[in-house]
Peer 1: 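Before anything else, here's the structure in question.
Note that the structure is a prediction, hence the values are computed from the model and not measured. The chain is numbered in sequence order, starting from 1. All ligand and atom numbering here is 1-based and tracks the order in the structure.
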Amino acid sequence: MADIYKNFINGVWKESASGETFERRNPATGELVGVYTKSTAADVDEAVEAAATAFKSWRLYPAPKRGEILFKAARLLEERKEQLAHEMTEEMGKVLDETRGDVQEAIDMTYYMAGEGRRMFGDTVQSEMRNKFQMSVRKPLGVVGLITPWNFPMAIPSWKMMPALIAGNTVVIKPGSHVPKSTINLVSILQEAGIPDGVVNIVLGTGGEVGDALMQHPDVPVISFTGSTETGKTISLAAAAQNKRLTLEMGGKNAVIVNEDANLDLAAESILWGAFGTTGQRCTATSRVVVHKSVQQDLVDRLAKGALALKLGNGLDAGVQVGPQVSESQRATTVKYVEIGKNEGAELVVGGNIATGGDLDKGWFHEPTIFNNVRRDMRIAQEEIFGPVVSLIPFDDLDDAFDIVNGVQYGLSAAIFTQDVNNAFRAMRDIYTGILYINAGTTGAEIHLPFGGTKATGNGHREAGTAALDFYTEWQAVYVDFSGKLQRAQIDPVN
Ligand code: NAD
């Protein structure tokens with residue numbers, strides 16, 4: 001019997017009293033990756049209680065000292081990057097280069113937020129009265145509940161945890177059920193770096209039970225969620241009922257415009273990476289290519305050639321460029337959308353099938369798939385697929401291309417390939433997404449700029465950068481009157 005990976009509550013690794021477990025298998029090989037304790041609402045209660053108690057002292061621990069713990073954690077992450085990436089590929093499937101990138105994002109975010117321990121600036125401003133001083137200061141919020149998905153197993157937990165911690169909050173995290181190990185690894189490193197007991201807690205289990213209990217808990221005033229728009233909406237309704245502070249990072253239907261003046265080699269290379277990297281399972285994956293009719297055939301030829309040349313396989317094997325999908329059901333969704341595309345009359349250029357043969361039969365592989373001459377209103381051009389499928393939609397006029405890009409419910413990431421600076425500036429003005437790339441594909445965010453999307457992708461907040469601190473802190477305006485007399489703002493004259 002394999003060891004059971006446990007919850008981390010109040011500084012102690014412990015199993016749920018439920019006695020139940022769940023397992024995770026490598027999506028490329030079917031081999032067992034780990035057996036995990038399956039928690040209940042009672043475990044969430046215990047973790048929240050520990051976090052609430054720890055908050056009383058953590059909020060008073062000086063922020064630069066909190067930063068020193070994060071610096072130490074960042075160094076440990078750096079030292080163990082290779083091992084962490086290796087384990088992430090085994091549990092989630094994306095290729096080693098990409099899991100190294102995922103860990104690197106966690107390293108970057110941890111260093112960045114460690115540094116914020118000596119910043120977290122507020123404002124001092126002049127008063128309209130004499131002998132009065134005023135300033136704004138950031139304050140922590142309390143116990144923060146974090147609910148994370150499986151596609152960036154270490155990056156996303158770090159985006160949430162590090163700003164929350166540096167600001168003086170305590171944390172209970174429920175990771176995606178496919179990827180508990182990467183979050184356990186992150187939490188273990190924080191423990192080793194000296195995070196006090198109760199400041200970080202992890203509870204493993206299902207969204208319906210553990211996620212919901214965390215979400216509903218009256219002593220968790222803040223929830224940060226990344227996942228599907230469907231789950232996000234449920235969480236949003238529940239959070240509203242308790243007036244919780246909530247950040248939602250949800251689905252995307254990201255588009256690349258390839259204009260007639262684009263560098264086609266660069267555009268094609270970037271689209272192949274954006275559409276088929278992480279097997280299309282990125283919230284910022286390139287799902288639509290809005291291409292000028294004059295270069296459409298040329299681009300399709302390049303993409304088809306590139307897609308057919310991609311090597312599928314176990315992400316740990318050298319030379320493999322595309323791993324499996326994360327699960328059988330995620331691949332079934334891809335299969336479903338390929339059928340929908342065919343029935344809608346889209347032209348299948350390459351792919352379209354489950355990938356088989358040799359070791360591919362052991363995992364959840366799907367061929368990189370390209371549809372051409374897709375209409376903007378087709379379901380494959382509107383709905384998030386989260387698999388290796390990309391749709392080409394032709395256009396004549398650049399304003400119409402902007403309408404196509406904006407004409408979906410989501411608003412996460414978009415890109416334009418053009419050699420004309422005027423077109424680049426028109427795109428910046430007219431495309432309504434949270435992230436926009438000029439002459440680069442739809443993926444590749446760096447951790448010190450705000451990350452998030454418009455419309456059904458989010459709820460107006462942003463992760464990463466200093467914007468993250470706005471979510472994890474409350475502003476307090478402080479007025480210090482040292483005049484020794486009543487001074488009525490807006491009423492008394494100043495002599
Ligand atoms: P998901 O919504 O199925 O699950 C996300 C998390 O929510 C998991 O931990 C899950 O267990 C939990 N959960 C499920 N039901 C719950 C409930 N009723 N109450 C509380 N928690 C619940 O999403 P997923 O399949 O893990 O991730 C893929 C989705 O995430 C895609 O839609 C993708 O676009 C999105 N995503 C968005 C971003 C972004 O920043 N915008 C980043 C990565 C992924």
Peer 1: Any donor and acceptor pair, going by atom type alone, linking the side chain of K94 with main-chain N or O of G277 inside 3.5 Å?
Peer 2: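 Here the side-chain-to-backbone pair does not exist.
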Peer 1: Do K81 and Q104 have side-chain atoms, one donor and one acceptor, less than 3.5 Å apart?
Peer 2: yes
Peer 1: Can you name the residues that form a side chain to side chain contact (heavy atoms under 4.5 Å, CB included) with W58, not counting sequence neighbours?
Peer 2: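 Counting only residues at least two positions away or on another chain, W58 forms a side chain to side chain contact (heavy atoms under 4.5 Å, CB included) with Y61, R66, I69, L165, T170, I195, P196, V199.
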Peer 1: Any atom of ligand 1 sitting under 4.0 Å from a heavy atom of W150?
Peer 2: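 Yes, W150 has heavy atoms under 4.0 Å from ligand 1.
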Peer 1: Is it true that W150 and Q330 share a donor-acceptor pair across their side chains at a distance under 3.5 Å?
Peer 2: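 Not at all, the side chains of Q330 and W150 share no donor-acceptor pair under 3.5 Å.
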Peer 1: Cut-off 3.5 Å, side chains only: do K160 and T226 have a donor facing an acceptor?
Peer 2: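 A pair is found: one side chain offers a donor N or O, the other an acceptor, under 3.5 Å apart.
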Peer 1: Can you confirm, on distance only, whether ligand 1 has an N/O atom lying under 3.5 Å from any N/O atom belonging to Q330?
Peer 2: no
Peer 1: Just to confirm my output: which protein heavy-atom neighbour is closest to atom 15 (N) of ligand 1, and how far is it?
Peer 2: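 Among all protein heavy atoms, the one nearest atom 15 (N) of ligand 1 is T231 CG2, 3.3 Å.
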Peer 1: Scan the protein's non-hydrogen atoms and note whether one is under 4.0 Å from atom 4 (O) of ligand 1.
Peer 2: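 For atom 4 (O) of ligand 1 the answer is no, since every protein heavy atom stays at 4.0 Å or beyond.
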Peer 1: Are the side chain of R288 and the backbone of S391 linked by a donor-acceptor contact shorter than 3.5 Å?
Peer 2: no
Peer 1: Looking only at distance, does T148 have an N or O less than 3.5 Å from an N or O of ligand 1?
Peer 2: yes
Peer 1: Ion pair present between E192 and R80, side-chain N to carboxylate O less than 4.0 angstrom?
Peer 2: yes
Peer 1: Under 4.0 Å from a heavy atom of F225: give me the atoms of ligand 1 that qualify, with their elements.
Peer 2: 2 (O), 5 (C), 6 (C), 7 (O)
Peer 1: Closer than 4.0 Å to some heavy atom of S228 - which atoms of ligand 1 meet that?
Peer 2: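 With S228 as reference, the close atoms of ligand 1 come out as 1 (P), 2 (O), 23 (O), 29 (C), 30 (O), 32 (O).
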Peer 1: For ligand 1, which atoms sit closer than 4.0 Å to a heavy atom of N151?
Peer 2: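 Counting atoms of ligand 1 from 1, those under 4.0 Å from N151 are 43 (C), 44 (C).
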Peer 1: How far is atom 17 (C) of ligand 1 from its nearest protein heavy atom, and which residue and atom name does that atom have?
Peer 2: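 For atom 17 (C) of ligand 1, the nearest protein heavy atom comes out as G207 O, 3.6 Å.
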Peer 1: Do me a favour and list the nearest non-hydrogen protein atom to atom 35 (C) of ligand 1 with residue, atom name and distance?
Peer 2: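 In this structure, atom 35 (C) of ligand 1 has G227 O, 3.1 Å as its nearest protein heavy atom.
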Peer 1: Judged by non-hydrogen atoms, does M215 sit under 4.0 Å from ligand 1?
Peer 2: no
Peer 1: Donor-acceptor pair, E90 side chain versus V33 backbone, under 3.5 Å?
Peer 2: no
Peer 1: Kindly identify the option in R462, H178, E249, Q281 whose heavy atom sits closest to atom 39 (C) of ligand 1.
Peer 2: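 The option holding the nearest heavy atom is E249.
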Peer 1: If you measure from atom 41 (N) of ligand 1 to every heavy atom of K253, K233, R282, M250, which option wins on shortest distance?
Peer 2: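 Of the listed residues, M250 has the closest heavy atom.
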Peer 1: Of T443, N254, T442, which is the lone residue that meets side-chain hydrogen bond (donor to acceptor under 3.5 Å, both in side chains) with T286?
Peer 2: T442
Peer 1: Which protein non-hydrogen atom lies closest to atom 40 (O) of ligand 1, naming both residue and atom, and how far is it?
Peer 2: F451 CE2, 3.1 Å
Peer 1: Among all protein non-hydrogen atoms, which one is nearest to atom 20 (C) of ligand 1, and what is the separation to 0.1 Å?
Peer 2: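 Residue, atom and distance for the closest contact: G211 C, 3.3 Å.
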Peer 1: Charged N to carboxylate O below 4.0 Å: is that the case for R462 and E249?
Peer 2: no
Peer 1: Give a yes/no on ligand 1: does I156 have at least one heavy atom closer than 4.0 angstrom to it?
Peer 2: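 Yes, that is the case, since the closest heavy atom of the residue is under 4.0 Å from the ligand.
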Peer 1: Using distance alone, with no hydrogens and no angle criterion, decide if T37 and S16 have a side-chain donor and acceptor under 3.5 Å apart.
Peer 2: no
Peer 1: What protein heavy atom sits nearest atom 27 (O) of ligand 1, and how far away is it?
Peer 2: P149 CB, 3.3 Å
Peer 1: Quick one: look up the protein heavy atom nearest atom 42 (C) of ligand 1 and list residue, atom name and how far away it is.
Peer 2: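 Heavy-atom neighbour on the protein nearest atom 42 (C) of ligand 1: C283 SG, 2.9 Å.
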Peer 1: Check for me whether G176 has a heavy atom closer than 4.0 Å to any atom of ligand 1.
Peer 2: yes
Peer 1: Once you restrict to heavy atoms under 4.0 Å, what part of I147 touches ligand 1? Side chain, backbone, both or neither.
Peer 2: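 Just the side chain.
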Peer 1: Under 3.5 Å, is there a donor-acceptor pair between the E384 and S287 side chains?
Peer 2: no
Peer 1: Please report which non-hydrogen protein atom sits nearest to atom 32 (O) of ligand 1, along with the residue it belongs to and the distance in Å to one decimal place.
Peer 2: E384 OE1, 2.6 Å
Peer 1: Show the atom names and distances, to 0.1 Å, of all donor-acceptor pairs under 3.5 Å that link a side chain in residues 466-473 to residues at least two apart or in another chain.
Peer 2:
unit_1 : atom_1 : unit_2 : atom_2 : d
D470   : OD1    : R138   : NH1    : 3.0
D470   : OD1    : R138   : NH2    : 3.0
Y472   : OH     : S224   : OG     : 3.2
T473   : OG1    : R138   : NH1    : 2.8
T473   : OG1    : L469   : O      : 2.5

